[in-house]
Amino acid sequence: LSAASDYEAALDAVRRFAKEQIFRVGVQIIEGTLNALAAGPAFTNIAECSVAGLLAATEKELALTAGRIPQGAFVVVAMGKLGSREMTASSDLDLIFVYDAPDDAVSDGGKSLPASMFYARLAQRLIGALTVPTAEGMLYEVDMRLRPTGNKGPVAVSLESFSRYHATESWTWERLALTRARVIAGSQELGSKVAAVIRGALTAAPDRAKILADAADMRGKLFAQFPGKAPWDLKFARGGLVDIEFIAQTLQLLEAHSAPAVLHSNTIGALNILAQVKAIAAEDAVALMAAAELELALMQVLRIALDGEFDAASATPGLKGRLARAGDAERFDDLEAKLQNLQMQVRAIFEKRISAPA
């Protein structure tokens, strides 16, 4: 980026960097020189680096006309797989943008803008920097649906609005999603304030019955929309990654008020701490972590190897062998049996801790 001659060159430079690094990690996974489970943090590091670099370049470009907001600050909050450090080669970016500025602040450039408009424009330009096709192609898709009030809300929200919303208005599903939130770029001082707001929302005294009922209802609606009936639908299958995430996030909401240490943006990390504070039985945590590790590792391979869905009946022997190695199984048949057994255990734990079977 330091060598880029202008803004367009900076966009191209980040795309070259990200694509080269994503390809490098993918090759290491397929060749077996990198543990597939380690790919999530690797892909996440690439995305975080790209976001931070493009934020700086975008702020510099906007300052040429609009200047900057005196005493203003802006941060990027990662959600979803980016927040949990579980990205794959094809993951999009779930983002929230938060700003803070003095009352009635305006930018100091030739085209002066009020703070709300300035930071909305900065956020929109950053989204464009991440998504627009250039001579070097696409970079990432960006999903903003997890911001306060969803797609109807402003693209960048003030710290005051963000704090008030999560203190008084956010729904259970939004607080579940918030368990994976991390500030990844922008002002360190504002980032600390945003992290404190997130922690406050997650450690509020829980309405246990409502949280459990809402979680069960949301999972039922997801299953109706995405009926993952085959074991190889690793995300939506009964006992798949969505079930594991629901368990981890729901238990965090239930326990964080009395044990804030359970808050961890990574699914496996959260399950490990939940077991340590005895919020979940040790044997259940072991089964959930084993299932998460297996399904995440298999998903990494499949996201690199295939564009569409995986069909075991038509899969090549080479792909089956690579999946078996990623799943620490001697043969593909052994891997399928292992996967199905762990998914059965996960579903039983889900029904025990969250809801009865539908």
So, the side chain of Arg322 versus the backbone of Ile30: is there a donor-acceptor pair under 3.5 Å, distance only?
yes
Can you name the nearest heavy-atom pair linking Ala39 to Ile29, along with the distance?
CB-CD1, 3.2 Å
N/O donor-acceptor pair under 3.5 Å between Thr267 side chain and Glu245 backbone:
no
If two hydrophobic side chains count as joined below 4.5 Å and joins carry through other members, does Phe236 share a cluster with Leu288?
yes
Run the numbers on Ile268 and Glu293 for side-chain contact (heavy atoms from CB on, under 4.5 Å), then give the verdict.
CA-CA 8 Å; Ile268 294 172; Glu293 290 176 359; 3.4 Å; yes
Other residues, nucleotides and ligands only: do more than 12 of their heavy atoms fall within 6.0 Å of CE on Met218?
yes
Got a salt bridge between Glu336 and Lys320, using NZ or NE/NH1/NH2 to carboxylate O under 4.0 Å?
no
Closest heavy-atom contact between Ile96 and Pro148?
CG2-CD, 4.4 Å
Sub-3.5 Å donor-acceptor pair from the side chain of Glu174 to the main-chain atoms of Trp171, do we have one?
yes
How close do Gly191 and Val75 get, heavy atom to heavy atom, and via which atoms?
N-CG1, 3.7 Å
Using 0.5 Å steps for rounding, measure from the CG atom of Leu178 to the CZ atom of Arg180.
11.5 Å
Any non-hydrogen side-chain atom of Leu253 less than 4.5 Å from a side-chain atom of Pro206?
no
Tell me whether Gln343 contacts the main-chain N or O of Pro231 through its side chain, where contact means a donor paired with an acceptor under 3.5 Å.
yes
Identify the heavy atoms of Ala181 and Ile198 that sit nearest to each other, and give their distance.
CB-CD1, 3.8 Å
Using side-chain heavy atoms (C-beta onward) and a distance below 4.5 Å, is Leu251 in contact with Leu271?
no
Can you establish whether the number of heavy atoms outside Gln188 located under 6.0 Å from its atom CD is more than 12?
no
Could you go step by step and tell me if Asp284 and Lys352 meet the salt bridge (charged side-chain N to carboxylate O under 4.0 Å, His left out) rule?
CA-CA 10 Å; Asp284 288 350; Lys352 177 173 64 175; 2.7 Å; yes
Give a yes or no answer on whether the side chain of Gln252 reaches the backbone of Ala248 with a donor-acceptor pair at less than 3.5 Å.
yes
Would the number of heavy atoms belonging to other residues, nucleotides or ligands and lying under 6.0 Å from CG of Asp328 be above 12?
no
Could you see if Leu298 belongs to whatever hydrophobic cluster contains Met344? Use Ile, Leu, Val, Met, Phe, Trp, Tyr and a side-chain cutoff under 4.5 Å.
no
For the student: nearest non-hydrogen atoms of Ala101 and Ile69, plus distance
CB-CG2, 3.9 Å
Quick check on Arg121: does its CZ atom have over 12 non-hydrogen neighbours (other residues, nucleotides or ligands) under 6.0 Å away?
no
Show, in sequence, the C-alpha distance, side-chain angles and deciding distance for Leu319 and Leu306, and conclude whether the side-chain contact (heavy atoms from CB on, under 4.5 Å) test is met.
CA-CA 10 Å; Leu319 178 54; Leu306 297 176; 4.2 Å; yes
Linking I/L/V/M/F/W/Y whenever their side-chain heavy atoms sit closer than 4.5 Å, directly or via other members, would Val106 and Leu64 fall into one cluster?
no
Using 0.5 Å steps for rounding, measure from the CD1 atom of Ile22 to the CG atom of Leu139.
7.0 Å
Donor-acceptor pair, Asn266 side chain versus Ser84 backbone, under 3.5 Å?
yes
Mind checking the OG1-CG spacing from Thr44 to Leu93? Nearest 0.5 Å is all I need.
9.5 Å
Short side-chain to backbone donor-acceptor contact, Tyr140 and Ile127, under 3.5 Å
no
Separation of Ile273 CD1 from Leu263 CG (nearest 0.5 Å)
8.5 Å
Could you label the plane-to-plane angle of the Phe350 and Phe246 rings as parallel, tilted or perpendicular, counting under 30° as parallel and over 60° as perpendicular?
perpendicular
Does Ser163 use its side chain to pair, donor to acceptor, with the backbone of Leu159 at less than 3.5 Å?
no
Within a strict 4.5 Å, meaning less than it, do heavy atoms of the Leu302 and Leu323 side chains meet?
yes
Keeping Lys338 on the side-chain end and Ala329 on the backbone end, is there a donor-acceptor pair under 3.5 Å?
no
Hey, are the side chains of Phe223 and Arg219 touching, using non-hydrogen atoms and a 4.5 Å cut-off?
yes
Evaluation steps, side-chain contact (heavy atoms from CB on, under 4.5 Å), between Thr33 and Val27:
CA-CA 9 Å; Thr33 57; Val27 169; over 6 Å; no
Report yes if some heavy atom in the side chain of Val277 is under 4.5 Å from a heavy atom in the side chain of Glu255; otherwise report no.
no
Are there more than 12 heavy atoms of other residues, nucleotides or ligands under 6.0 Å from atom CZ of Arg164?
yes
The reported gap from OG in Ser50 to CG in Asn45 (rounded to nearest 0.5 angstrom) is 10.5 Å
Taking atom CG as the centre, does Asp6 end up with more than 12 heavy-atom neighbours from other residues, nucleotides or ligands that are less than 6.0 angstrom away?
yes
Chi angles and distances behind the salt bridge (charged side-chain N to carboxylate O under 4.0 Å, His left out) call for Arg24, Glu20
CA-CA 6 Å; Arg24 179 171 174 258; Glu20 288 170 0; over 6 Å; no
side-chain contact (heavy atoms from CB on, under 4.5 Å), that's the test. Do Ile46 and Val25 meet it? Break it down for me.
CA-CA 10 Å; Ile46 297 165; Val25 173; 4.2 Å; yes
Does a salt bridge link Arg238 with Asp243, judged by any charged N lying under 4.0 Å from a carboxylate O?
no
Min side-chain heavy-atom separation Glu8-Thr134 under 4.5 Å
no
Any donor-acceptor N or O pair under 3.5 Å, side chains Thr58, Tyr7:
yes
Polar contact flag, side-chain donor to acceptor under 3.5 angstrom, Glu309-Trp232
no
Should Leu296 and Phe310 be counted in the same cluster of Ile, Leu, Val, Met, Phe, Trp and Tyr side chains packed under 4.5 Å apart?
yes
Give a yes or no on whether Gln276 atom CD has more than 12 heavy-atom contacts from other residues, nucleotides or ligands under 6.0 Å away.
yes
Rounded at 0.5 Å granularity, tell me how far CD1 in Ile247 sits from CD1 in Ile354.
6.0 Å
For a quick test of reading the model, state the closest non-hydrogen atom pair linking Ala185 to Val51 and the distance between them.
CB-CG1, 4.3 Å
The single option from Leu55, Val77, Leu82 passing side chain to side chain contact (heavy atoms under 4.5 Å, CB included) against Ile184:
Leu82
Any donor and acceptor pair, going by atom type alone, linking the side chain of Gln300 with main-chain N or O of Met87 inside 3.5 Å?
yes
Any link between Met144 and Val132 through a network of hydrophobic side chains (Ile, Leu, Val, Met, Phe, Trp, Tyr) touching at under 4.5 Å?
yes
Are any non-hydrogen side-chain atoms of Arg147 and Met79 less than 4.5 angstrom apart?
no
